[in-house]
Structure formats: C-alpha cells, structure tokens
Amino acid sequence: MQTIRISEISNYADQEVEIKGWLYNKRSSGSIKFLIIRDGSGYIQVTIIKSEVEKELFEKIGEIEYESAIRIAGRVKKEKRAPLGYEILLKDLQVIHNAQKDYPISLKEHGVGFLMDFRHLWLRSTRQNAVLRIRAEIIKAIRNFLDQEGFILVDAPILTPAACEGTTTLFETNYFEDKAYLTQSGQLYNEASAMAFGKVYCFGPTFRAEKSKTRRHLMEFWMVEPEAAFVELEENNQIQERLITYIVKQVLKNKRAELIVLERDISKLEKIQIPFPRLAYDQAINMLKEKGMQIEWGDDFGGDEETVISQSFDKPVFIHHYPTKCKAFYMKPDPQRPEVVLCADLIAPEGYGEIIGGGQRIDDYNLLLQKIEEHNLPRKDYEWYLDLRKYGSVPHSGFGLGIERTVAWICGLNHVRETIPFPRMLNKIYP
RNA sequence: UCCUCGGUAGCUCAAUGGUGGAGCAUCCGGCUGUUAACCGGAGGGUUGCAGGUUCGAGCCCUGCCCGAGGAGCCA
C-alpha cells in the first residue's frame, strides 16, 4: 500500500492508501465517527463506520486525543459533501504518539495574545498554514522573477560595523572587543555589489530596534533589496511593477485554495495589472488636503495618510519626488528641483500602506560627501561607500520590498504578526 | 516614550456597589453523515498584584504588572 500526501489525494480515487499525520478534529455520532487528519500538505476527513471495522478498533478511536500522531489506512472515496471532494473510509489505524489531552488550542475562538504564546502550536491550524504557504510562494516568485531578469543574489552582511542609514535605532551586540549592529538594510553593500555584478539583490532579515507597536511593524522582518547600475528612477519603478504583478499572478495561480481558506477577495488581486498609477508627492499633498487632512508640504506621510491614499486606488500606487529632508542621505536630489529627491515609494491598495521604498542614489562624490557631513555621519565609516563614487560611478537605483507587509496585503490580514512563523515584537520574543 | 481600551473558570465573554454566570474545552451518557456537529448531565473561581473608600468591592479611588489598538519611526 502506498503512503501518500493529502494534497495528491485526487490521484488515488478508489484506491487503498496510507497517510501519516496528526488528528486535527474528531466528531462522533454513535455508530459513525469522523476524524479530520492533517499531514502538513492538507486536511482530509476519515470516516469510520462501526459495522465495517473491528469492534476493538472502533472503540480505540474514541480515545485518541487531539493532535496525536497517527497512521491511517483506508480507501479513497469521492464524496460531494467533503471540501476536497474526497474522504477516506478507514480500514486500519495506528497511534504513533497519543498526545496529552490538554492541547491548548481548540478550534473555537481564542485571543491573539493567547495564540501568540502558543505560536509553535498555532502554526498547525488551517489559517496559519495557508498564510505561511502563501509567504513561501511569494518568496519563490520574487526570486524567480529577479533571477529571470538577470539579477544576481549577492547577500549583504547581517552584522555591520555602523548604521547603514544612521537614523533608526539599531540592535547592538558585542563583536569581540568592538561593538557591532544588526543590519537595518543591505542597501549600501548592494550598491557596491551592483558595481561588481550590474544587477543584484540581497534577501534576508532586517532588524529595527524602534519601539513600534502597530499592525505594520515587527522588530525582525524580511526584505528583498534589488539594486541595479545604469538604472534611473522610472526604470526602477517599472521593475517594481513587473515584480509585484508577477508575485500576485503566481499566488493566484498556485495558491488559490489558500486564498479561499483566508476568505480573501480574489477579484481585488485580479485587478493588479501594469501600469500602476504614479502620484507626485506634490499631487498627493493636494489630494490629502482636498480630503480635509491636516498636512503641509514637507511633512512625511504617516499611517493615516498612506491609508487614505491607498484607498483611493485599486492598484498599488507610486508616490514619487518626496521632499529631500524626508528621505535618507543617499537619495539623489532632482537636478531640476533639489528640494525633492528621485525616489518613489509603492503604497499597497486597501489601506495596507508602504510595501516598497526605493529610488535613485547619489552618484556624485562631492554631493555624497556633503550629504554625509550634513547628516553628521562619521566619514571614516563611509569611506568605502564614497569609494564607489571615485571608481567608475554611474547612475543607479534600487528598492526594498518588505516581505511581511506584502504577505499581509495579498492574504488580506490586518496585522503582519501572522505573516512570519515566529514574529519578534515589542517586548515579546517567546517562543 | 506618549494616548486609548482591557485583564473574571483551561479558552471566549456576561454579571445596577448587595448570593460570581453562559458557551466551548474536560468527564459521564445519547445519537449512522458530522463539517467550529448536536442533545442531556457533572466537575471546574484567591475576579492580574498591592493598598484605599464603604456596613458591603469583580464593579469606585491610587500605584504597579501584563495584554490589545494607535501615534512617532519605518518596510
């Protein structure tokens, strides 16, 4: 008899199969019992009819606790009433490990705080399984897309000697006799790699020691950061459009069942097509003022502003040419209007906020040096970065895509904490 | 760091300042098509902690702890 995974059950109609997994739920009606088995690839109902199995086996089934590891054998039966279209008629069952009877997560409602304390077990539930499968699909799509477009994976270090951007708070750690910091962006290293490989990206965790406590923030999150030589602002935006539409297309194609589990409105994802609207910062300010928001030219956008903007479009929208003072020191000022920079953030629809921050970098040595001094950054830490403008400097651009916010948007979740297996949150690092 | 809301049974929540309850989970019983199954019964409590007001506090007051949402900052 063949051991199969639940996800491939449709290939085995009317055959006898074996499945190894865990008991997800059980129901009993006297002479008929139902077990829901999960094996990591899916969930399937197993039906046990008293008159068709040995008495000893039928009685044993009532004693199996939730989440016990079991091995079942039975015949795959087409069944209209089953969610997958199939169920299994039990022939035999072995308990590999009978779980303790106090499994904390029932199928009834629980609060988020409680579930997060049991995150290691919560991962077993259907919704969490769907979210993390979609996360994996998104990451696969990103890497496929960038590889196809000729970008080379060149990772940036996690341990860094100083602030990459010098602004936000960093996690500090010991590095033998020195201090080191966990990276908050691979971008500066990416610029060096781009001058070596042309088109590169890094993909890895990023750390921010900000005491942020909102649905959009984690202390540790994952970011993909492409960077390309000879690419200017508009081409940079076009790469992002193609990337985002590709990600959405792949999820719709390969993870539709998971989107349905999450009750995601799929029609909203189907609208994600090139081109995305572009809104200059100046226009965005006017738009927000017309909607009655208190904001002046030169203010950066907060969560409320992003939400209002994103709800005005049914696609992601680029906001470009922000005031220079709002953005990082390395952003290239517009030669025609130095008070704004050649940058663009991509705001996801449905109120999900910023998922990409990107732009063109300063390629002139003297201007970069001036900005480093204006921002009071220690020049000696940036000598290597300045070198890139001494030896074959070219126009170049890049962007950073936040994985968790992208997953939250595509899954339709209202908080990023469920989009990563083990979220690191303010004052919470267990489990 | 600041603002708002909350903490009562294992979980989710009720309870006018006057005898702390329900649903689920657990245990016992019933049911041949259940989908978070259902029906009957039972057990289960130092109301986050420490003070205070009151004849009497889960409820009012003060401090602290913890959680949730948000602001700032950002992806």
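Both backbone and side-chain heavy atoms feed into the values below; hydrogens, waters and symmetry mates do not.
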Taking any heavy-atom pair under 4.0 Å as a contact, classify [X]: base, sugar-phosphate, or nothing.
{"X": "G111(A)", "value": "sugar-phosphate"}
{"X": "T206(A)", "value": "nothing"}
{"X": "S51(A)", "value": "base"}
{"X": "E52(A)", "value": "nothing"}
{"X": "E404(A)", "value": "nothing"}
{"X": "D345(A)", "value": "nothing"}

Hunt down the Watson-Crick or G-U wobble partner of [N], both distances under 3.5 Å, from any strand shown, or write none.
{"N": "rC11(B)", "value": "rG23(B)"}
{"N": "rC60(B)", "value": "rG52(B)"}
{"N": "rC38(B)", "value": "rG30(B)"}
{"N": "rA68(B)", "value": "rU4(B)"}
{"N": "rU46(B)", "value": "none"}
{"N": "rG17(B)", "value": "none"}

Hydrogens and angles aside, do [X] and [Y] bring a side-chain donor and acceptor to less than 3.5 Å of each other?
{"X": "Q187(A)", "Y": "R361(A)", "answer": "yes"}
{"X": "Q283(A)", "Y": "R278(A)", "answer": "no"}
{"X": "Q100(A)", "Y": "E65(A)", "answer": "no"}

Using only side-chain N and O atoms of [X], determine if any of them is under 4.0 Å from OP1 or OP2 of [N].
{"X": "K211(A)", "N": "rA71(B)", "result": "no"}
{"X": "H110(A)", "N": "rA25(B)", "result": "no"}
{"X": "K213(A)", "N": "rA68(B)", "result": "yes"}
{"X": "R417(A)", "N": "rG69(B)", "result": "yes"}

What's the gap between [N] and [M] when it is taken at their [atom1] atoms, as a whole Å value?
{"N": "rG7(B)", "M": "rC60(B)", "atom1": "P", "result": "10 Å"}
{"N": "rG44(B)", "M": "rG21(B)", "atom1": "P", "result": "13 Å"}
{"N": "rA57(B)", "M": "rU1(B)", "atom1": "P", "result": "35 Å"}
{"N": "rC73(B)", "M": "rA36(B)", "atom1": "P", "result": "44 Å"}
{"N": "rG48(B)", "M": "rU16(B)", "atom1": "P", "result": "16 Å"}
{"N": "rU62(B)", "M": "rC27(B)", "atom1": "C1'", "result": "44 Å"}
{"N": "rA25(B)", "M": "rG58(B)", "atom1": "P", "result": "30 Å"}
{"N": "rC59(B)", "M": "rG17(B)", "atom1": "P", "result": "11 Å"}

[X] has an atom [atom1]; how far is it from atom [atom2] of [N], in whole Å?
{"X": "E210(A)", "N": "rG70(B)", "atom1": "CD", "atom2": "P", "result": "17 Å"}
{"X": "E65(A)", "N": "rC27(B)", "atom1": "CD", "atom2": "C1'", "result": "11 Å"}
{"X": "D300(A)", "N": "rG72(B)", "atom1": "CG", "atom2": "C1'", "result": "11 Å"}
{"X": "Y430(A)", "N": "rC66(B)", "atom1": "OH", "atom2": "P", "result": "17 Å"}
{"X": "I429(A)", "N": "rG67(B)", "atom1": "CD1", "atom2": "P", "result": "14 Å"}
{"X": "L107(A)", "N": "rU26(B)", "atom1": "CG", "atom2": "P", "result": "10 Å"}
{"X": "F207(A)", "N": "rA75(B)", "atom1": "CZ", "atom2": "C1'", "result": "14 Å"}
{"X": "R27(A)", "N": "rC39(B)", "atom1": "CZ", "atom2": "C1'", "result": "17 Å"}

Using the benzene-type ring in the case of Trp, are the ring centres of Y281(A) and W297(A) under 6.0 Å apart?
->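 Yes, the ring of Y281(A) comes within the 6.0 Å limit of the ring of W297(A), centre to centre.
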Are Y382(A) and F329(A) an aromatic pair by the rule of ring centers under 6.0 Å?
->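 Centroid separation for Y382(A) and F329(A): below 6.0 Å.
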Give a yes or no on whether a donor-acceptor pair under 3.5 Å exists between the nucleobase atoms of [N], that is its base, and the side chain of [X].
{"X": "H217(A)", "N": "rC74(B)", "answer": "yes"}
{"X": "R405(A)", "N": "rC74(B)", "answer": "yes"}
{"X": "S212(A)", "N": "rC73(B)", "answer": "yes"}

Compare the minimum distances between each of [options] and the side chain of [X], then state the nucleotide with the smallest one.
{"X": "I32(A)", "options": "rG72(B), rU32(B), rA25(B)", "value": "rU32(B)"}
{"X": "E354(A)", "options": "rU26(B), rA36(B), rA75(B)", "value": "rA75(B)"}
{"X": "R208(A)", "options": "rU12(B), rA75(B), rC31(B)", "value": "rA75(B)"}
{"X": "E87(A)", "options": "rU26(B), rG33(B), rC74(B)", "value": "rG33(B)"}
{"X": "I49(A)", "options": "rA36(B), rA75(B), rG33(B)", "value": "rG33(B)"}
{"X": "Y66(A)", "options": "rA36(B), rA25(B), rC11(B)", "value": "rA25(B)"}
{"X": "M223(A)", "options": "rA36(B), rG69(B), rA75(B)", "value": "rA75(B)"}

Nearest-nucleotide wise, let me know which of L426(A) and L218(A) is further upstream toward the 5' end of RNA chain B.
->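 The residue closer to the strand's 5' end, by nearest nucleotide, is L426(A).
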Could you pick out which residue, S31(A) or I356(A), lies toward the 5' side of RNA chain B when each is mapped onto its nearest nucleotide?
->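 Upstream on the strand: S31(A).
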Salt bridge flag under 4.0 Å for residues E350(A) and R264(A) =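 Salt bridge: yes.
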Going by an N to O cut-off under 4.0 Å, is there a salt bridge joining E149(A) and R242(A)?
->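 Salt bridge between E149(A) and R242(A), a charged N being under 4.0 Å from a carboxylate O: yes.
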Stacked pair F221(A)-rA75(B), distance under 5.5 Å, angle under 30° |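 The ring of F221(A) is stacked on rA75(B).
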Please say whether the positively charged group of K327(A), taken as NZ for Lys or CZ for Arg, lies over the ring of Y322(A), i.e. under 6.0 angstrom from the six-membered ring centre and within 45 degrees of the axis.
->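 So K327(A) does make the cation-pi contact.
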Y246(A) and F145(A) aromatic ring geometry - parallel, tilted or perpendicular at 30°/60° bounds |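 Answer is tilted, since the angle falls between 30° and 60°.
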